[in-house]
Amino acid sequence: MDLEEKLGILTNAAKYDVSCASSGASRKGAKGGVGNAAASGICHSWTSDGRCVSLLKLLYTNACMYDCSYCVNRRSNDVPRASFTPQEVAGLTMAFYRRNMIEGLFLSSAVAISADRTMERLIRVAEILRNREHFGGYIHMKVIPGASRRLVERLGYLADRVSVNIEFPTDQELSLMAPDKTPEGIRSNMLSVRDRKLELLPSLFRGSRPPAFVPAGQSTQMILGAGNSDDREVLNKAESLYQMMGMKRVYYSAYVPVNLPLEEAIRVRTPLLREHRVYQADWLMRFYGFQAREILGERRFLDQKVDPKAAWAVDNFHLFPLDVNTAPREMLLRVPGLGPRAVQRILQARRLAAISYDSLAKTGAVMKRARHFITAQGRRPHLLTDDPGRVYRALAGEDKDAFRQLSFLDTV
Amino acid sequence: MMECVFDGSFNGLMTLVFDTWRLGDEVTAVIQETDAASLLPGRHFPTDDSKAARILTYIGSRLGEEFAFMVKAAFLSARAERFRAIVKTIHRACQMGPAALDLLEDDILCFLACHREVTREAHRFQGLLRFRELKDRSLLAVFAPRHHVLPLILPRFADRFPGEKLILYDEGRGIAGISEQGKITLARVAELSPQDSDGEQELEGLWRVFFDHLAIKERFNPDLQRQHVPKYTWKHLPEMRGKP
Ligand code: SF4
């Protein structure tokens, strides 16, 4: 089988893994080496589904021993199988990187022979890149669920980021959908990374530089809509992963029913809007100081018609309107239509002079949304309603995401 | 009411900032002199490098390096009003310090927009620039940015590929930037006639295979793609070439 054919098969097999981030590690180009890692992450292209292409995302092999119900590569499927050699993956990475097509490599793999045997192959690729090619770009490697601690640690010294997918928010669901994987195995993989990072921490404070170990942190992924779990379980799980496992990112992936015959698959709606809302909620937890239970209120699922920030604001309508000239930063951030940039500008501008209602738009605030929740110098345009139900409907009418995605789904 | 004319160079603009220091609000327009329009009415400000150096030192020490960088980035903008916005913003900042940038005044907002658009496009091309290998193993990237981002991105690529000879060619402006052995140079180049190295076609082919297999059909969303990869960049992207 030639390289082109392998590349096709093993790209195809890897594409449902959504983690596209290449950010989090910053490194200058070294003399005699190739490449650096930019802290903000760089997209090199966008595919026709609008997703960022940052890393050469491949499966090392798709010949899997396991039989997870949701996966194209499961043992029981009749699909073309292929495997790279470590040299091939390293060669493609270097060639694409030199042409500025990618930021680095994101390598995952099906389980061939055993978790540890597969991990050894992945480690080999990383060793060629780092030690022989002196590659300084980004490397994200998947930990094969259940691999031994020793190998996870070895990989951690070569890769910028490692991740092991948790797939489902509850142990029961994982055992049901992925009978060959164990929740304990996945947990222990995450702990290996967390613990080693913690062990290296004191030497940082002593001023000596420990060798970089997973400098961009670990991440994981949950599939939405393959099982029965609700957003409450998903967000609670994510929150605990951020807090207890020191997770850098949790990714979410709307399930595409890859194992149904086409005519059935077409009738199943890929829950794209749900995924979008969960990402928005995740964003609120990470950057806006929200807790999972605040975001959900009494709900099991996030509101679909308005984004979670708007839903929260309507739920807590009694806290509004806020005066933009006096409200504290944390509260301004909770106003729909005010992002961090607009809030920053408001804080800066109001130090110089009180902000008038009419100049608010110049701060970058989306007034169509924000107007329901703020006043400036005691002024609000009349005709605004104090009825949260009507505010909710107004916000829902302006939610472009809901419109776009719903109409997209309706045609399916 | 005063229309100011300068030669279009960065030092020329800084000279103008220096000379109009006390005239502040009277400046109504700042125009670049081109060959055809050298008879433009208005007051002409001949470039004086020592004045420019003085104003730059002043900006760097009083208003901060970040502000100085913003001025340089805004200058690379393709917006017609950029010159006036820069002059007005520096004057304002000299009166009241860097806090001037927080004012909600049109010239300052325009200055910020210039800076934002330029840095955004520079960031975009950090990803969308494509190199190909030439016969002598040097790497060539041809592109056609809206703003003159070449001076901003060249050092970043020089840092990324310290051992390579790099040529970045801005096709629209006819300017090439070269990075070789730690040295960076810019030059006017009317035309290039590059010769690709042997494996180059094949490699682009592999890249296209990767790219085409990556999209998930169920999520087809070409509008989103076009938002991030605007059409004007397609011509120079091997993965987009020839696509509708
Ligand atoms: S282990 Fe499960 S999820 Fe991973 S490739 Fe094999 S079948 Fe797919």
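A note on names: the letters A, B, ... follow the listed sequences, proteins ahead of strands, and every chain is numbered from 1. Values in this document were obtained by computation on a predicted structure and should not be read as measured data.
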task = Go through the steps to decide whether Trp207(B) and Leu7(A) satisfy the test side-chain contact (heavy atoms from CB on, under 4.5 Å), and finish with yes or no.
result = CA-CA 9 Å; Trp207(B) 170 246; Leu7(A) 182 60; over 6 Å; no
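Between Arg345(A) and Leu112(B) there is a side-chain heavy-atom pair separated by less than 4.5 Å. You'll find the side chain of Thr11(A) stays beyond 4.5 Å of the side chain of Val209(B), heavy atoms only.
At least one donor-acceptor pair closer than 3.5 Å links the side chain of His44(A) to the backbone N or O of Gly127(B). A donor-acceptor contact shorter than 3.5 Å links the side chain of Arg130(B) to the backbone of Asn100(A). One N or O on the side chain of Gln225(B) and one on the backbone of Trp46(A) form a donor-acceptor pair closer than 3.5 Å.
Scanning both residues, Met101(A) and Pro238(B), for their nearest heavy atoms gives CE-CG, 4.3 Å. Pairing each heavy atom of Val53(A) with each of Phe210(B), the nearest pair is CG1-CE2, 4.1 Å. Across every non-hydrogen atom of Ile42(A) and His123(B), the tightest pair is CG1-CE1, 4.3 Å.
Contact count versus chain A (heavy atoms, under 4.5 Å) is highest, among Asp223(B), Leu237(B), Leu129(B), for Leu129(B). Ranked by heavy-atom pairs under 4.5 Å with chain B, the first of Leu58(A), Ile9(A), Ile355(A), Leu56(A) is Leu56(A). With respect to chain A, the highest number of heavy-atom pairs below 4.5 Å among Leu214(B), Thr233(B), Val229(B) belongs to Leu214(B). Interface summary for chain A: among Phe157(B), Phe211(B), Phe125(B), the most heavy-atom pairs under 4.5 angstrom belong to Phe211(B). Interface check for chain A: of the options Arg226(B), Arg116(B), Arg124(B), Glu202(B), the most heavy-atom pairs under 4.5 Å are formed by Arg116(B). Between chain A and the residues Glu200(B), Arg132(B), Glu204(B), the most heavy-atom pairs under 4.5 angstrom are made by Glu200(B).
With no hydrogens or angles considered, a side-chain donor-acceptor pair links Ser45(A) and Glu239(B) at under 3.5 Å.
Within the 4.5 angstrom heavy-atom criterion, no atom of Leu10(A) approaches chain B. Residue contact with chain A, scored on non-hydrogen atoms closer than 4.5 Å, involves the backbone and the side chain of Leu103(B) alike. Looking at Leu92(A), the atoms closer than 4.5 Å to chain B (heavy atoms on both sides) all sit in the side chain, from C-beta outward. For Glu105(B), no part lies near chain A; criterion is any non-hydrogen pair under 4.5 Å. Heavy atoms of Leu206(B) lying under 4.5 Å from chain A belong to its backbone as well as its side chain. Contact of Leu109(B) with chain A is made through the side chain alone, with heavy-atom distances under 4.5 Å.
Centroid-to-centroid, the aromatic rings of Tyr97(A) and Phe161(B) come within less than 6.0 Å.
Note that CD of Gln344(A) is 8.5 Å distant from CG of Asp102(B), once rounded to the nearest 0.5 Å. Annotation: the span from Thr47(A) atom OG1 to His228(B) atom NE2 amounts to 10.0 Å, rounded to 0.5 Å. Summarising the geometry, atom SG belonging to Cys52(A) is positioned 11.0 Å from atom CG belonging to Leu224(B); distances are rounded to the nearest 0.5 Å. Atoms CG and NZ, on Leu104(B) and Lys362(A) in that order, are 6.0 Å from each other to the nearest 0.5 Å.
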